[in-house]
Structure formats: structure tokens, C-alpha cells
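Presented below is the structure to which this report refers.
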Amino acid sequence: MNLKIGVIKGDGIGPEIVTEAMKVLDKVGEVYGHTCEYEQLLMGGASIDVHGIPLTDETVETAKACDAVLMGSIGGDAKTSPWYKLEPSKRPEAGLLKIRKALNLFANLRPAVLYDELKGACPLKEEITEGGFDMMIMRELTGGLYFGERKTVEEDGVLKAYDSLTYNENEIRRIAKRGFDIAMKRRKKVTSVDKANVLDSSRLWRKVVEEVAEDYPEVTLEHMLVDNCAMQLVRDPKQFDVILTENMFGDILSDEASMVTGSIGMLASASLNETKFGLYEPSGGSAPDIAGKGIANPIATILSAAMMLRFSFDLDKEADAIEQAVSQVLKDGYRTIDIMSEGKKQIGTVEMGDLIAGYIK
Ligand code: NAD
């Protein structure tokens with residue numbers, strides 16, 4: 001198979017971590033008989049330096065012509081970087097918002113996996129985390145409270161602010177379908193999270209999710225109120241497979257779930273649209289504090305590349321091979337500085353990429 005992949009290396013540690021992910025993808029190609037054709041795309045500060053803006057329309061068109069996009073991270077140090085002297089619409093982050101909108105990326109996926117080998121970094125008690133956990137938070141990304149109408153008015157000398165939370169059934173249906181499709185590739189359980197005891201938008205959410213579930217008889221569906229879910233994530237995270245939820249609840253719950261896994265350098269993510277197209281990136285930022293030092297953890301980006309193989313190319317075996325290689329390297333005691341603990345072997349970015357690529361079978 002020929003994989004046409006747009007690559008946004010970005011700023012800070014972006015080029016270092018993406019280079020390692022490409023190394024691993026090339027090794028997968030070699031072992032499983034695929035070719036990776038990369039299209040380099042400029043975004044963020046790297047694009048400002050060349051074009052004066054964080055993302056050109058031509059770059060968007062080139063990205064659209066790819067099967068998927070793999071991204072590092074963009075942005076610099078807001079206090080020292082000249083990019084932040086520009087007006088907000090020309091700063092690096094504006095490129096990110098523009099590409100998400102242009103590509104209609106409505107479904108955000110963030111896996112929260114606790115590897116047994118890294119459980120020391122987890123703030124939960126050992127009896128809760130024994131054996132690790134592995135869940136996928138699926139968050140609606142383009143609707144709800146963050147995109148609803150808002151205003152602040154003064155009534156009788158008192159300031160009053162409004163934010164509206166709106167979803168239509170089509171927006172709910174398309175994310176729910178995605179959630180069930182992804183559950184079919186996993187342990188076949190969906191926990192739909194809402195606040196249906198209070199909110200109309202949640203009652204509609206629940207109704208539509210139930211309708212979609214009828215097309216997926218193999219998947220077990222449960223509903224959970226968001227306040228309970230926040231508790232269950234720290235009380236018994238092992239119970240979750242796919243958590244399906246709206247924009248704001250997902251924003252909060254995905255951060256909570258990632259916190260209990262340990263390092264930011266381990267957290268992959270994907271944003272998908274209605275086709276197979278997706279944008280895959282680590283959850284962390286461009287880490288200007290460690291850029292160029294060769295110490296950044298490339299695992300989140302490598303795991304994002306595995307998600308790309310699974311969700312944009314349906315190459316599950318190849319994605320499994322990457323995930324197993326990451327597990328093996330951790331089992332063998334290799335660590336970048338951010339996940340280092342006593343008795344383990346500290347290595348740099350390039351060595352971590354080499355080792356993971358070397359384990360691809
Ligand atoms: P950050 O995630 O870049 O860094 C937070 C801390 O985590 C730092 O100490 C950093 O060294 C560490 N860290 C992050 N990724 C790491 C990795 N792979 N390996 C080891 N350590 C890692 O967050 P920040 O400092 O708040 O933001 C820095 C820049 O990144 C800002 O310009 C911000 O706007 C941008 N940012 C970009 C994205 C994106 O591209 N999607 C996301 C978040 C932040």
C-alpha cells in the first residue's frame with residue numbers, strides 16, 4: 001500500500017519527535033511491504049518565518065490531498081519568541097485552528113494508557129492500577145458550548161453573561177458512529193457520558209446514541225453522568241474502553257484521564273473527519289525549554305503514527321506492531337528523561353526512535 005502522509009514537523013521539539021516517528025513508519029513499511037510518501041507542510045512558527053503567516057491556503061490544499069497528516073507541535077516561548085509580537089490571527093496557534101476548521105475535524109481521540117512499566121508515574125493507588133488500563137476518550141470537537149452563541153450584557157446595572165450549548169442530532173450521530181466504529185476495533189464497550197438528568201442537549205445526545213447503538217449489536221453501551229464519570233476515572237479506570245462525550249465534558253475528562261497516566265511525552269491523539277482522513281499529533285506542545293537538546297520523548301508522536309495506521313489506513317496489524325515495540329522498549333528499561341526512574345537506562349530522542357524501529361517485527 002502507498003501511504004500519502006502530510007508531515008507538519010512544526011516548531012520546538014516538533015522536528016525531533018516527528019523524525020523519529022517517520023523512522024518507525026519507514027521500518028513498518030519495510031517489514032510489511034508499504035511505501036510512505038511524505039509531503040512536508042509548513043505550519044506555525046516555521047511557516048511564519050517563510051510566508052509571514054502560520055498556514056497558507058496552498059498548504060491546506062496540499063494537506064487535503066494527503067491521506068492523513070502527522071504533526072509534531074507548533075508554537076514557541078510566548079515571552080521571548082518574535083512570533084508572539086504579531087497580532088493574534090498571525091501567531092503560530094492560529095494555524096492550528098485554521099487547519100482543524102479547514103479539514104472539518106470533528107472527532108478528537110485521546111487514548112489514556114497506563115503501561116505496567118510506568119505505573120510509578122501514576123498518582124493513583126497501586127491496587128487501582130494493577131495490570132494497567134487502556135481507554136480511549138472520544139470528544140466531539142466542533143460543537144457544544146465552545147461554539148455556541150455567547151454574549152455579555154448589562155441589565156439594571158448588573159453584568160450578565162450567556163453561553164449556549166447547542167447540538168443537533170446530525171452532529172451527535174456522526175460522532176457516535178465514529179465512537180462505535182472505534183469500539184469495534186477495541187474491547188467493544190462504549191460509555192456515553194452526559195448530564196441527561198439536567199440538560200436537554202444531553203437528553204438528545206442519549207437518544208441519538210441509543211439509536212446509533214442499534215446498528216452495533218456487538219458493542220455494549222452504557223450511559224454515565226459526567227460527575228460520576230469524573231469519579232470513576234480515578235476510582236476504577238479499568239472499567240472504561242471507549243468514552244464518548246460532547247466537547248466540554250471531553251475537554252475536562254480527557255485531561256483528567258491523561259493526568260492519571262503519567263508523562264505528557266506518552267500521550268498520542270487524533271482528530272478525524274467524516275472520511276478516513278485524520279490529523280495525528282502528540283498531546284503535548286512544542287516544549288521550547290528542551291528543544292534542540294535531543295532529550296524529548298518521541299513516544300507520543302510514534303503512538304500517534306500508530307493511530308494513523310489504524311484509523312486512516314485500517315492497518316491494524318502494523319499499528320499493533322508499533323504499540324508492542326513501544327511496550328517492549330519500556331519493558332527493557334529504556335527511558336527518556338521525562339519518564340526516567342531509578343535503575344532504568346536513560347536515553348535520548350534518537351536512540352528511543354532507533355530502539356522502537358528496531359523492535360518492529
Ligand atoms: P508543553 O507541552 O510544550 O510543555 C510542558 C512541559 O512538558 C515542558 O516542561 C516540556 O519540556 C514537557 N514536555 C512536553 N512534551 C514533551 C516530550 N515529548 N518529552 C519530554 N518533555 C515534554 O506546553 P507549554 O510549555 O505550555 O507550551 C509550549 C508551546 O507549545 C506554546 O507555544 C504552546 O502554545 C504550544 N502548544 C502547542 C500545541 C500543539 O501544537 N498542538 C499544544 C499545546 C501547546
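All ligand and atom numbering here is 1-based and tracks the order in the structure.
When only interatomic distances are considered, the shortest N/O to N/O separation between Ser286 and ligand 1 falls below 3.5 Å. For ligand 1, the polar-atom distance check against Gly72 finds no nitrogen or oxygen pair separated by under 3.5 Å. The shortest N or O to N or O distance between Arg100 and ligand 1 is not under 3.5 Å. For a threshold of 3.5 Å applied to N or O pairs, the pair formed by Tyr84 and ligand 1 contains at least one separation below that value. For ligand 1, one of its N or O atoms has an N or O atom of Ile74 under 3.5 Å away. For ligand 1, the polar-atom distance check finds an N/O of Gly285 within less than 3.5 Å of one of the ligand's N/O atoms.
With a 4.0 Å cut-off on non-hydrogen atoms, Asp77 does not touch ligand 1 at all. At a heavy-atom cutoff of 4.0 Å, ligand 1 is contacted by the side chain of Asp338 but not by its backbone.
Because its NZ or CZ atom is not both nearer than 6.0 Å to the ring centre of Tyr162 and within 45° of the ring axis, Arg150 does not count as a cation-pi partner of that residue.
Residue contacts with ligand 1: Ile17 is excluded, as none of its non-hydrogen atoms falls under 4.0 Å.
Taking 4.0 Å as the cut-off between side-chain N and carboxylate O, Arg100 and Glu281 count as a salt-bridged pair. Salt-bridge annotation for Asp320 and Lys317: absent, with no side-chain N of the basic residue lying under 4.0 Å from a carboxylate O of the acidic one. Between Arg139 and Asp251, at least one side-chain nitrogen of the basic residue sits less than 4.0 Å from a carboxylate oxygen of the acidic one, meeting the salt-bridge criterion. Salt-bridge check for Lys98 with Asp57: passed, with a basic side-chain N closer than 4.0 Å to an acidic carboxylate O. Contact check on Asp200 versus Arg203 returns a salt bridge, with a Lys/Arg side-chain nitrogen under 4.0 Å from an Asp/Glu carboxylate oxygen. Look at Glu218 and Lys189 and you find no salt bridge, because none of the NZ, NE, NH1 or NH2 atoms lies under 4.0 Å from a carboxylate O.
For atom 12 (C) of ligand 1, the nearest protein heavy atom (residue, atom name, distance) is Ile264 CG2, 4.1 Å. Of the protein's non-hydrogen atoms, the one nearest atom 39 (C) of ligand 1 is Leu96 CD2, 3.8 Å. When hydrogens are left out, the protein atom nearest atom 41 (N) of ligand 1 is Glu281 OE1, 3.1 Å; that is the closest non-hydrogen contact. Looking only at heavy atoms of the protein, atom 17 (C) of ligand 1 is closest to Asn297 N, 3.7 Å. Nearest protein heavy-atom contact of atom 28 (C) of ligand 1 is Pro288 CD, 3.5 Å.
Side-chain atoms of Asp181 and Tyr216 include a donor-acceptor pair closer than 3.5 Å.
Across Gly76, Ala300, Gly284, Ser81, heavy-atom proximity to atom 32 (O) of ligand 1 is greatest for Gly76.
With sequence neighbours left out, Ser192 forms a side chain to side chain donor-acceptor pair (under 3.5 Å) with Trp205.
Taken from CZ in Phe311 to CD1 in Ile182, the straight-line distance is 4.5 Å, to the nearest 0.5 Å.
Within a 4.0 Å radius of atom 2 (O) of ligand 1, the protein contributes at least one heavy atom.
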